[in-house]
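Here's the structure, in C-alpha cells; my notes come after.
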There are 2 protein chains.
Amino acid sequence: MAGATTRQQIVDAADDLFYRQGYEATSFADISAAVKISRGNFYYHFKTKDEILDAVIDKRNSDRERLLAMWNETALDPRDRIECFIKIVITNQTKIMAYGCPVGTLTTELAKLDHPSKARANQIMTLFRSWLTRQFEELGCHHQADNHALHVLSWSQGVATLALSFRDEAFVVREVHQILEWLTGISSEAH
Amino acid sequence: MAGATTRQQIVDAADDLFYRQGYEATSFADISAAVKISRGNFYYHFKTKDEILDAVIDKRNSDRERLLAMWNETALDPRDRIECFIKIVITNQTKIMAYGCPVGTLTTELAKLDHPSKARANQIMTLFRSWLTRQFEELGCHHQADNHALHVLSWSQGVATLALSFRDEAFVVREVHQILEWLTGISSEAH
DNA sequence: GACAGTTTAGGACGATTGGCCTAATTGTTG
DNA sequence: CAACAATTAGGCCAATCGTCCTAAACTGTC
C-alpha cells in the first residue's frame, strides 16, 4: 500500500486543478505534470478520467464531512454552527474571488456536461443542505428548517458567484453581516 | 450582406450551445452541425473560436440591454422594474433548472479558463448592476443603491445555482416571495 | 540472490480539437 | 454574357485529447 501516497497525490492535484481550471479544461497531462509522474503511471492508478473525478468528489465529500463534524464539536450552539458555515465565504475569500465556490462551480459544470457523476457532485450540496437543516431544527425552526437551509445555501452560492465576478471584498463582508442579522431574527422568532 | 443571415445563425447557435454545454465543451463541429453548414464556411465568418465568443457576448449584451429598456418602458415604477428583474428566475425557470443562469455560468467558466474575454463577459453582470443601481436610486435609496443592486444580483445568482442543483420549483417561488418582501421593506424605508 | 508482485516510465493508438487553405459555387453588376 | 466579389464546401494540418500497452525498476520474501 505504498502507492497510496501517489494515488493521494494524484487526487489532491486533480482536486486543485478541477477547482482552478474546471474538470473539462484539465487534462491528464496537467495532472501528471503537477504530480511529476508519467502519464503511464497515471493509468495504473486510474483507468479513466471519470474515475479520477469520482475520487475527487469522494475526497471533497469527506473533507466537507470532516469540516462539518468539526463545527459540530467546536460550536455547541446551532446558531454558532450556522455562523461558521456563513463565514467560510470570508475564510476562503481569496480562493473564492479567483475560482468561485468549489461545490457550486463543479455542480454547474457537470450539469452542463450532463456528466454521469453530476448526481454524485450534487451530493455534496445535499450534505450542506442536510447539515444546515439539522442546525435550524435544533434552533427551533421545525417546519421551516429545510427552507432556511436552502436559503443560506443559496445565499452563499450567490455571494461566491458575485465575489468571483466583481472581486469586491467589501461586498462579501456586507453580505455576511446582512445574513447574520437575518439569522438573529430567525433565532429570536423560533425561541 | 446576404451572409448576415448565416453569421446570425452561427451566433444564435453558438449562444445556445455555449449556454447548454459551456464554451469549452462546445466545438466547431457542434456549431456547424447545428447551423448545418460546413466547417470551412464557418471560417469565412469567424477566424477563431474566441471571435465567436465575442460575438455571442455582444449578442447577449444587446439582448439584455433591449430587455432592460423594455422594462424601463413597460414598468413606470422603479419597484415594478426591480420586480421584473427578480421574476426572470420564474420566467426562465425551465432553462435555469437545466443549465443555470447564462450570465453567471459563462462568467464563472471564463474566469476559470482565465480567458481573454472574461472581462467582456463580466460587462453583462455590470450592465445588470448599473441598471439595478439606477432603479434603487429612483426608489430613494441613495447611498445604498449600489449595495442593494449587488444584493439582488447576488440573490438571483444563488437561486439560479440551487435551482440547477436541486430542480426545486417551490424553492424558487419561495425565494422570489422572500426577496419581494425585502424589496417592500426597502421601498417603505426609503420613502 | 532468485523470485513474485507492485509501481513506474515512456511511447503508441485512434479520435478529435482549433485553425487553415483551396476550389467550387453563388450572386451581383457592367 | 462576362467579370467580379461574396459565399460556401470539403479536406488537410499539427497538436492534443483520453486511452492503452509493454518493458523496466522497485519492493519485499524466501
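Lettering follows sequence order; numbering is per chain, from 1. Because the structure is a prediction, the values reported are computed rather than measured.
- B:F28 and B:F42 have tilted rings, their planes meeting at an angle from 30° to 60° on a 0 to 90° scale.
- Using a 4.0 Å cut-off, no side-chain N or O of A:T6 falls inside it from OP1 or OP2 of C:dT7.
- The neighbour count for B:K95 NZ, taken as heavy atoms of other residues, nucleotides or ligands under 6.0 Å away, does not exceed 12.
- With D:dT19, D:dT7, C:dG19 as the candidates, the nucleotide lying closest to the side chain of B:Y44 is D:dT7.
- Contacts of A:T26 with the nucleic acid, taken as non-hydrogen atoms under 4.0 Å apart, involve only primed sugar atoms and P, OP1 or OP2.
- With distances taken from any side-chain atom of B:Y43 to the nucleotides C:dC20, C:dT6, D:dC17, the minimum falls on C:dC20.
- Listed pair B:T48 / C:dG18 fails the phosphate criterion, with no side-chain N or O lying under 4.0 Å from OP1 or OP2.
- The A:S38 side chain lies nearest to C:dA9 when the options are C:dA9, C:dT6, D:dC20.
- A:Q9 and A:D12 share no donor-acceptor pair across their side chains, judged by distance under 3.5 Å alone.
- The distance from atom OH of B:Y23 to atom P of C:dT17 is 14 Å, rounded to the nearest whole Å.
- Taking atom CZ of A:R7 as the reference point, atom C1' of C:dT8 lies 17 Å away to the nearest angstrom.
- As rounded to whole Å, 10 Å separates atom P of C:dC20 from atom CD of B:E51.
- Proximity note for A:I37 (side chain, C-beta onward) versus C:dG19, C:dG11, C:dA9: the nearest is C:dA9.
- If you measure from atom CZ of B:R39 to atom P of D:dA9, you get 13 Å, rounded to the nearest angstrom.
- Distance, B:F46 CZ to C:dG18 C1': 15 Å, rounded to whole Å.
- Each of A:A29 and B:N41 was matched to the nucleotide of DNA chain D holding its nearest heavy atom; the match closer to the 5' end belongs to B:N41.
- An OP1 or OP2 oxygen of D:dA6 is reached within less than 4.0 angstrom by no side-chain nitrogen or oxygen of B:H45.
- Rounded to an integer number of Å, the gap from CD of B:E24 to P of D:dG18 is 11 Å.
- Within the model, atoms CZ of B:R60 and CG of B:L53 stand 8.5 Å from one another, a figure rounded to the nearest 0.5 Å.
- Between B:K36 and A:F28, the residue whose closest nucleotide on DNA chain D is further toward the 5' end is B:K36.
- Under the 4.0 Å criterion applied to side-chain N and carboxylate O atoms, B:D77 and B:R81 are not assigned as salt-bridge partners.
- In this structure, the CZ atom of B:F42 is 12 Å from the P atom of D:dT8, given to the nearest Å.
- Rounded to a whole Å, the CD1 atom of B:I10 is 11 Å from the P atom of D:dT7.
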